[in-house]
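Just follow the structure's listing: the first ligand is 1, and inside any ligand the first atom is 1.
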Amino acid sequence: MAAQAILILFLSFFGLKFIWEALLLVLNINYAKSNQTHIPPFAKKYITSEEYARSVEYTMTRNKFALLSDAFGAVFLIVLIISGFFGIVDNFLYSLNLGEYLQGLLFFLSIGLVFGIFSLPFSLYSQFVIEARFGFNKMTLLLFFLDRLKALIIGMIITAPLYYVLLWLLGVAGSWWWILAFGFYTLFQLFITIIYPTVIAPLFNKFAPLEEGALKQKIENLLKHVKYTSGGIFTMDGSKRSTHSNAYFTGIGKTKRIVLFDTLMNKLGEDEITTVLAHEIGHQKKKHVVKMLIISLAGVLAGFFIINLLLYYMPLYTAFGFSRISFHAILVLLGLCSGAFTFMFTPFFSLLSRRYEYQADRFAAEQVKKGAFFLKNALIGLSKDNLSNLTPHPLYSFYYYSHPTLAERIGALEKIKA
Ligand SMILES: [Zn+2]
């Protein structure tokens, strides 16, 4: 009875989440369509009508595809739950008598593979049909599959020791195991963040120190001006996969690297790139990265608390098709199902993130000479190149957007200038 109630509760929340997110997509598609014939006033100076038409087309194509793949994904998950698929896999692995640890790892791998294979046609279509049609795709099929294989192997290499220690703590640390597990998880994540730029990222991309020249000089002047030490400025061959462009910081503390996509360097001028980096430094200086990390760790702590609370509650397992209690089952359940209960927090994170973006924009505008002007140029350039949606539905952007819309950012920059 309790199991049935749990399943109904989950399906209700899951259905609510699906309907709400589908509704947002439909609103967004219709909004783009209704604005199709007239360029929004703020953008008239910067964009041609052909460019605008292409961005609308791209937005609508991507949103329609998201609607379709979300629907298939939702049905797939529900079929797996109702058919008892998870329990069947779990029972099979249990029957092999491999011990709790190995059984858990193989369970993660099996579920990962099942979802990986399910999502494969969607990823292929997105990359090789949609992205290709709009001229963004630079990937070969070989590279696509190699990426997935590498990600799977790295994922297992990372999961294996993490899961080992968590399982061990559960066995030996008594009723406070989950606090210790959280502590270990935090340290482990820190360790991955430290090794990421030098060990993991190079498995996917080539990094080269930025060549001497005017751009490097400008960036170094900026770093000196804002008193920021970095572990080096690197360029990355992003063009190997896509023409979308970006710049980011990676690593932690003094070893933090600045990474510029080669695609960014081809598109923006030196002053624009420098100002984009000033924006990124603004995030660091204003401690946005640390604050976001603390928030996400609070979420992890809540996750461990909930696991501890429900770990030995059998109806939960029965509801999702399992016939025995296990640590690996509850971890997978949390990963697959918690979204149905946490999606209502999304707009709060989006709102916070957008506040940070405004602050970083302001930092760049203040620290770089004519910063507001260059940043505006950079944002417009990137928006045009990435065919960004210039007219997102207000509810859609309120709910999802981690960055203010182009209109909002330009508006804020112009206020700073004035
Ligand atoms: Zn930012």
Side-chain angles (χ1 to χ4, degrees), residues 42 193 196-197 201 215 218-219 222-223 225-231 233-236 238 242 244-253 256-265 267-296 346-368 370-390 392 396-417:
F42 84 93
T193 311
Y196 179 82
L215 176 61
K218 281 187 176 167
I219 294 175
L222 168 72
L223 295 179
H225 175 65
V226 299
K227 297 190 182 61
Y228 188 84
T229 33
S230 85
I233 310 157
F234 292 81
T235 58
M236 189 192 99
S242 163
H244 286 301
S245 44
N246 209 348
Y248 68 94
F249 280 69
T250 171
I252 209 160
K256 214 171 290 160
R257 285 180 166 193
I258 297 169
V259 177
L260 302 170
F261 280 40
D262 53 356
T263 39
L264 185 78
M265 311 210 352
K267 277 170 198 163
L268 298 185
E270 287 154 6
D271 290 308
E272 280 78 15
I273 294 177
T274 310
T275 318
V276 167
L277 283 180
H279 167 102
E280 296 301 329
I281 294 172
H283 281 308
Q284 309 277 349
K285 287 269 175 184
K286 307 233 170 247
K287 305 265 180 281
H288 297 161
V289 185
V290 179
K291 287 178 198 163
M292 282 294 195
L293 186 70
I294 291 172
I295 293 172
S296 91
T346 305
F348 298 105
F349 292 112
S350 301
L351 197 66
L352 184 65
S353 170
R354 289 196 299 269
R355 261 186 61 177
Y356 289 166
E357 291 306 323
Y358 281 127
Q359 290 174 7
D361 278 356
R362 177 172 275 276
F363 180 87
E366 285 166 355
Q367 297 298 327
V368 177
K370 286 172 73 183
F373 170 76
F374 289 127
L375 188 57
K376 194 173 114 180
N377 278 353
L379 292 175
I380 292 164
L382 290 175
S383 167
K384 269 163 73 162
D385 269 318
N386 291 320
L387 294 177
S388 303
N389 183 8
L390 295 180
Y396 186 91
S397 58
F398 173 78
Y399 185 78
Y400 280 120
Y401 273 31
S402 61
H403 290 61
T405 64
L406 184 63
E408 289 165 340
R409 286 179 87 174
I410 289 181
L413 284 171
E414 275 169 355
K415 257 188 223 150
I416 295 172
K417 248 198 311 194

(request) Give a yes or no on whether His403 keeps an N, O or S atom under 2.8 Å from the Zn ion (ligand 1). (result) no
(request) Please find out if the Zn ion (ligand 1) and some N, O or S atom of Asp361 are separated by less than 2.8 Å. (result) no
(message) Distance check below 2.8 Å: does His283 bring an N, O or S atom to the Zn ion (ligand 1)?
(response) yes
(message) Just to confirm my numbers, could you give the angle made at the Zn ion (ligand 1) by NE2 of His279 and OE1 of Glu357, rounded to 10°?
(response) 90°
(request) Please list, chain by chain and in numerical order, all residues satisfying side-chain contact (heavy atoms from CB on, under 4.5 Å) with Arg362, sequence neighbours excluded. (result) Glu366, Ile416
(request) Among residues two or more places apart or on two chains, list those pairs meeting salt bridge (charged side-chain N to carboxylate O under 4.0 Å, His left out) that have a residue in residues 274-287. (result) none
(message) I'd like to know if Lys267 pairs up with Glu272 as an ion pair, taking the criterion as any Lys NZ or Arg NE/NH1/NH2 lying under 4.0 Å from an Asp or Glu carboxylate oxygen.
(response) no
(message) For Tyr356 and His288, take the angle between the two ring planes, folded into 0 to 90°, and tell me which bin it lands in: parallel under 30, tilted 30 to 60, perpendicular over 60.
(response) parallel
